[in-house]
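Each chain gets a letter, A, B and so on, in the order the sequences are listed, and its residues count up from 1. FYI, side chains are in, hydrogens and waters are out, and symmetry mates aren't considered; it's all heavy atoms of this structure. Since this is a predicted model, take the numbers as computed values, not measurements.
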Amino acid sequence: MTAPKRITIKATRFDPDKDEKPRLQSYEIPFGDESMVVLDALNYIKGHVDGSLSYRWSCRMGICGSCGMMVDGVPKLTCNAFLRDYWPRPITVEPLNNFPVIRDLVIDMGDFMEKLKSIKPWIIRKQPVPLGGGAFVQTTAQIDEFRQFSQCINCMLCYAACPVYGLNDEFLGPAAIALARRYNLDSRDEGVGRRLPVIADPEGVWECSFVGECSVVCPKGVDPAKAIQQTKLDTTMRFVLPFGNRD
Amino acid sequence: MVPPPHGGRLGGEAGTREFGWSMPRGWWTRRPHYFWYIVREFTSLPLALWLLWLLVEIRRAQDGPTGYHPHSSLGFVIFSVIVLLFALYHSVTFLSLAGAILHFNVADRPIPSQLIVLSQFGAWAAASAVVGFVLIYFGRT
């Protein structure tokens with residue numbers, strides 16, 4: 001009987017109470033199942049080799065957006081990064097770029113959460129509609145206007161891929177702007193004017209220089225770069241055209 | 001192998017300390033997409049220099065044929081050819097992105113992005129033809 005294949009995982013370790021800076025630690029683990037993903041490898045390490053390894057994960061199926069990490073330098077959902085695509089080379093797993101590291105592979109997502117909140121990601125009505133007022137009726141065409149931008153799972157891979165955010169963390173960032181566009185395009189929403197001060201700010205859409213990597217790494221095909229460029233055009237039209245600032 | 005990216009520093013007090021992010025030098029060499037983005041941005045710099053020189057030439061042309069001596073050294077011709085290549089690269093990359101920027105609906109149906117890109121290249125070709133015609137036709141002596 002042949003020995004099972006093995007693969008080396010190099011994972012970032014960082015204990016804020018002991019370490020001055022993050023370091024890579026190698027773990028060699030069995031790779032017997034072709035369907036194994038990087039998250040499975042991390043779970044194996046935590047369960048059988050080193051229980052102190054810290055990382056975020058939840059659903060294992062590309063829905064929750066929790067397990068985003070740098071896999072060989074590329075932002076990926078580790079539940080969707082198959083070991084077979086890397087074997088026999090070792091795989092380097094690091095915390096998402098562009099964010100402070102709390103411990104090991106866990107980043108501080110506080111800045112992202114604040115930015116998400118700042119664009120008011122909910123339906124805003126000028127006059128509240130009472131619960132008994134009936135349903136907001138939307139056609140399929142109206143839903144198609146924003147459907148793509150509503151697929152975001154807040155995994156922050158786009159922020160990790162964005163060098164503009166890496167150089168200036170004041171930038172509102174891809175996912176927040178894509179979500180703002182999702183609500184601005186929603187026929188039920190009347191909150192464009194309230195989101196405008198944030199998204200049309202110099203640190204909003206105008207900070208983006210269209211690198212486009214955010215759309216490349218998005219695991220849900222959201223295309224935040226498209227959302228940002230279209231928002232630039234919209235905000236310009238609102239400024240230039242007569243009556244452009246109407247809501 | 002990608003080297004560890006973190007060149008940041010520790011912040012906060014013990015127990016709540018984080019290792020802050022710092023963009024590594026040469027970040028744009030780490031992925032081809034980043035590299036070509038920087039190339040795209042860089043091409044505008046020699047283009048701007050060439051256009052500055054064109055402004056100087058136009059200012060000189062105000063003095064009439066006697067004061068107008070366009071630069072024609074071999075070095076400047078080579079520089080102009082390089083700038084032309086940069087301008088073409090910048091234009092092609094810029095116009096190729098038009099499909100992501102422009103968003104039109106006709107009869108409640110979005111126009112395909114490929115059609116938008118094609119229309120941009122068509123407009124570019126038409127504008128170049130008009131400029132070429134004006135330069136050649138009115139430049140005859």
Practice prompt. Answer with side chain, backbone, both or neither: which region of L102(B) has an atom nearer than 4.5 Å to a non-hydrogen atom of chain A?
Written response: both
Fill in: Atom pair OG/NE2 of S215(A) and H33(B) - distance to nearest 0.5 Å
8.5 Å
Worksheet item: Can you tell me if Y34(B) uses its side chain to pair, donor with acceptor, with the backbone of V211(A) under 3.5 Å?
Response: no
Worksheet entry | Region of T139(A) that comes under 4.5 Å of a non-hydrogen atom in chain B | neither
Worksheet entry | Closest non-hydrogen atom pair, K21(A) against F19(B) | CB-CE1, 3.6 Å
Worksheet item: So which part of R109(B) gets closer than 4.5 Å to some heavy atom of chain A, the side chain, the backbone, both or neither?
Response: neither
Fill in: Distance, nearest 0.5 Å, that separates CG of D111(A) from CH2 of W21(B)
14.0 Å
Discussion item. Taking atom CH2 as the centre, does W28(B) end up with more than 12 heavy-atom neighbours from other residues, nucleotides or ligands that are less than 6.0 angstrom away?
Written reply: no
Item to complete: Could you grab the distance from atom CG of N98(A) to atom CE of M23(B), nearest 0.5 Å is fine?
Response: 5.5 Å
Fill in: Which atom of E18(B) lies closest to which atom of P100(A), heavy atoms considered
OE1-CB, 3.3 Å
Discussion item. Taking side chain as everything from C-beta outward and backbone as N, CA, C, O, which of these in Q142(A) sits under 4.5 Å from a heavy atom of chain B? Side chain, backbone, both or neither.
Written reply: neither
Worksheet entry | Contact winner vs chain B - Q230(A), K226(A), Q229(A), heavy-atom pairs under 4.5 Å | Q230(A)
Worksheet entry | Between CZ on residue R17(B) and NZ on residue K18(A), distance to nearest 0.5 Å | 12.0 Å
Worksheet, complete the sentence: Under 4.5 Å to a heavy atom of chain B? For L233(A) that would be side chain
Worksheet, complete the sentence: Looking only at heavy atoms, the pair that brings G73(A) and R31(B) closest together is O-CD, 4.4 Å
Worksheet entry | K76(A) atom NZ, neighbour heavy-atom count above 12 within 6.0 Å | no
Worksheet item: Rounded to the nearest 0.5 Å, how far apart are CD of E41(B) and CZ of F210(A)?
Response: 11.0 Å
Worksheet item: With a cut-off of 6.0 Å (strictly less than), are more than 12 heavy atoms of other residues, nucleotides or ligands near CH2 of W50(B)?
Response: no
Discussion item. Is A161(A) in contact with chain B via its backbone, its side chain, both, or neither, using a 4.5 Å heavy-atom distance?
Written reply: both
